[in-house]
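So that the names make sense, note that chain A is the first sequence line, chain B the second, and so on, each numbered from 1.
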Amino acid sequence: MATSKGPALAVAALATAYAILFLGAEKQAELAALLVGAAVAVPLAARFGLAEKVRSSIGANEGFFHAAVITGALITALWFHDEHFILLMMTTSLLLMVAALGLTVQFGYAGIVNFAGSAFIGIGCYTAAVVTKYTTLPTVLTLPLGGIMAALIGSILILPVLRTRGHYAALVTIAFGILFKTFIEVNDTLGGPQGMSVGSLTLFGWSFNDPIHVGSFEASFYLSYIVVALLMLALCFVLVRRLERSWIGLSMDAIRLDEIASACYGLDIARWKIVAFTFGNFLAGMAGALYGHVLGFIAPNNFTFGDSLILVSIVLLGGIGNPWGVAVAAAFVVILPEKFQIIQEYRFVLYAVLVILILLFRPEGLLPRRLRRYLPAADVKGSA
Amino acid sequence: MDITLFGQYLMNGLMLGVIYGLVAVGFTLFFGVLDVIKFSHGDVLTVGAFTAFATYLALKAAQVPSPWLQLLAMSVVAMTSMAFLGALIAKYLVLPLRTAPALNTLLLTLMLGTVLREGVRLIFPDGSNPKPFPRLLPSDAFSFGAFTLRIDTVILLLSGLAMIVATHFLINRTKLGLAIRAVAQDGETAMTMGINFTAIVLITFALGSGLAAFAGVMNGLYYNEINFGMGLLLGVFGFSAAVVGGLGNIYGAILGGFLFAGLQTIGAVALPFASAYKDVFALAVLIAIMAWRPTGLIAERTSERV
């Protein structure tokens, strides 16, 4: 029984070190070496049974592992405390993780595909912009408000999404995503194609856009945003994991796998689909509101159909319904094109080709979700 | 509203209707034979338009003088190469996923659309910016009182309609069309009757993609501008037209095309808010229609198999 905390801690430490090396690497050759190293090391570790050890260690000490990962992320952020750009990348990937978690609940659990993910992020961003520009509400409220707005506007789609299936449902969300972008492009109150600036997040009279000075320690203002984003991600992550394990998650799984059978067993299909859809949109909107503050300036071109597809790719690359996979995929999807300037221009093509290959050869995603374990503490052999 | 403006909007609406109809027929054909939605269809249209444009540039460099010859060459090259591309996509990307969930095909073709779209943007010189599509048709105008009718619009409309009629003829009057309809109705039974399933699927995809290329050339000639993103919206509207008309139904697709174009034109003309919202209006109506009739106005005739 490998239930010691060692492997879990080792993985968190390794991931932190890797993140620091990767984010700090300046030369393209170093980055390539790091990538190749990971691509070789991870399958090798899996080959020698290390992955199984790590998995059971994490499974037995989940709270400890979460704490270790959060500490690791904080250490990484502190390491780069005066590098604006790296911190911005980290914040972006953290927030995309939150949004992708929302999509995971919709797609991975309840089986509703949402091709308007970036539109819901956009709703959050624009809520933050409107609140800071036109009202005097405390800016911390933008985060829940962004989520609520996304959930509310998303509720317009509930009826068509519930009534349609398959391609037809996909058409509804695709149409909504394009509708949203076209709408903000032509709406002058929302800045039109030029976009809007978003005010700073302030808490107890302290603006998040001010650099941090504590004694002789100086840090970029992004550091404070990272802390908030990390907090948000941790909360959402725990919430999603709890949801997955609860009977709500079980109901959603049943509905995704077979609607008719679940209806026969008395599950209220409409209710759980609404819950999943609204909850997912809320997460995307909340992440979007904070993202708006972080960016400081937003325009319709941040929320294109291509960006929605990237969100879907994250969910798919990570393994449908696997929150950890989604987190790793989001980090790579954000950071890779920024670090390799050559591929920045080609990022849409690159991810599209990757997803096509995955769909053809490994349709369950890179890190597929594992089967439900009803007795989490028991290390059942061959339960994968 | 005066008659001039009305005439313009009418012609514009008809033109859009033909273009959407051509795209929608493709969607409906694919759905008919394979029960799949090929979402890269709009982007095939883009690639077709750009292929035609590249052909034009090549012909200009080779100093071919006659605009009619240029047009003919452009259409033929664009349509055959897109037909080939469509068959390739069907063979290597759509058919292998036959047994996978329908959603995977949808995702795959969405991503393929991205690849095509971005491919055009990256490969074509200065592809991020719109390209001026040449005016090759005579632009003389007839006047009926206040109402002017440009001859190029008439030619485009007529050739689009001719293409639709030809497709209709092909599907309903030829042996090949019979085979396509047989495969659409029941693939397995069609196979036992000696129809080559794979070949028919490939031909159908080639046919639909060729039509899309034609629509792309039409679109370019009408607006005199093409850009790498044009296929996305045309694809969504074409798909909407097919869905509104009922997938798998060729008449429905054409009807849906005109209906959708009409909606957009009404959105631009008759509604109180600015015409900039015409796409927003059309998309909102589309979502409302989907909520009202979840499988389109002419409903899909299948029962749910448990």
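- Interatomic distance, CG of Asp279(B) versus CD of Glu185(A), reported as 10.0 Å (0.5 Å rounding).
- Looking at Phe361(A), there are no atoms closer than 4.5 Å to chain B (heavy atoms on both sides), in backbone or side chain.
- Across Val161(A), Thr182(A), Ile356(A), Val349(A), the residue that shares the most heavy-atom pairs under 4.5 angstrom with chain B is Ile356(A).
- Both the backbone and the side chain of Ala284(B) come within less than 4.5 Å of a heavy atom in chain A.
- With a threshold of 4.5 angstrom between heavy atoms, Leu106(B) approaches chain A through side-chain atoms but not through N, CA, C or O.
- Using a 4.5 Å cut-off between heavy atoms, Phe237(B) does not touch chain A at all.
- Among Thr109(B), Leu122(B), Val236(B), the residue with the largest count of heavy-atom pairs under 4.5 Å with chain A is Leu122(B).
- The part of Val113(A) that comes within reach of chain B is its side chain, from C-beta onward, which places non-hydrogen atoms under 4.5 angstrom from that chain.
- Neither the backbone nor the side chain of Leu350(A) comes within less than 4.5 Å of any heavy atom of chain B.
- Using a 4.5 Å cut-off on side-chain heavy atoms (C-beta onward), Leu171(A) and Leu286(B) make contact.
- Most heavy-atom pairs under 4.5 Å with chain A: of the set Val280(B), Leu112(B), Ile289(B), Leu116(B), this distinction falls to Val280(B).
- Between chain B and the options Ala175(A), Gly306(A), Ser313(A), the largest number of non-hydrogen pairs under 4.5 Å is found for Ala175(A).
- Using a 4.5 Å heavy-atom cutoff, the side chains of Leu283(B) and Phe176(A) are not in contact.
- A donor-acceptor pair is defined here as one N or O able to donate and one able to accept, closer than 3.5 Å; no such pair exists between the side chain of Arg163(A) and the backbone of Met290(B).
- Rounding to the nearest 0.5 Å places CZ of Arg293(B) at 12.0 Å from OH of Tyr168(A).
- A distance of 7.5 Å separates CG of Leu359(A) from CE of Met111(B), quoted to the nearest 0.5 Å.
- Remark: Gln185(B) CD is loosely packed, at most 12 non-hydrogen atoms of other residues, nucleotides or ligands lying under 6.0 Å away.
- In this structure, the portions of Asn187(A) lying under 4.5 Å from any heavy atom of chain B include both its backbone and its side chain.
- For the pair Thr114(B) and Leu309(A), the minimum side-chain heavy-atom distance is below 4.5 Å.
- Surrounding OH of Tyr223(B) are more than 12 heavy atoms belonging to other residues, nucleotides or ligands, all under 6.0 Å away.
- Counting heavy atoms from C-beta on, the side chains of Leu107(B) and Phe115(A) come closer than 4.5 Å.
- Of all residues in residues 89-97 of chain B, those placing a non-hydrogen atom less than 4.5 angstrom from a non-hydrogen atom of chain A are Tyr92(B), Leu93(B), Pro96(B), Leu97(B).
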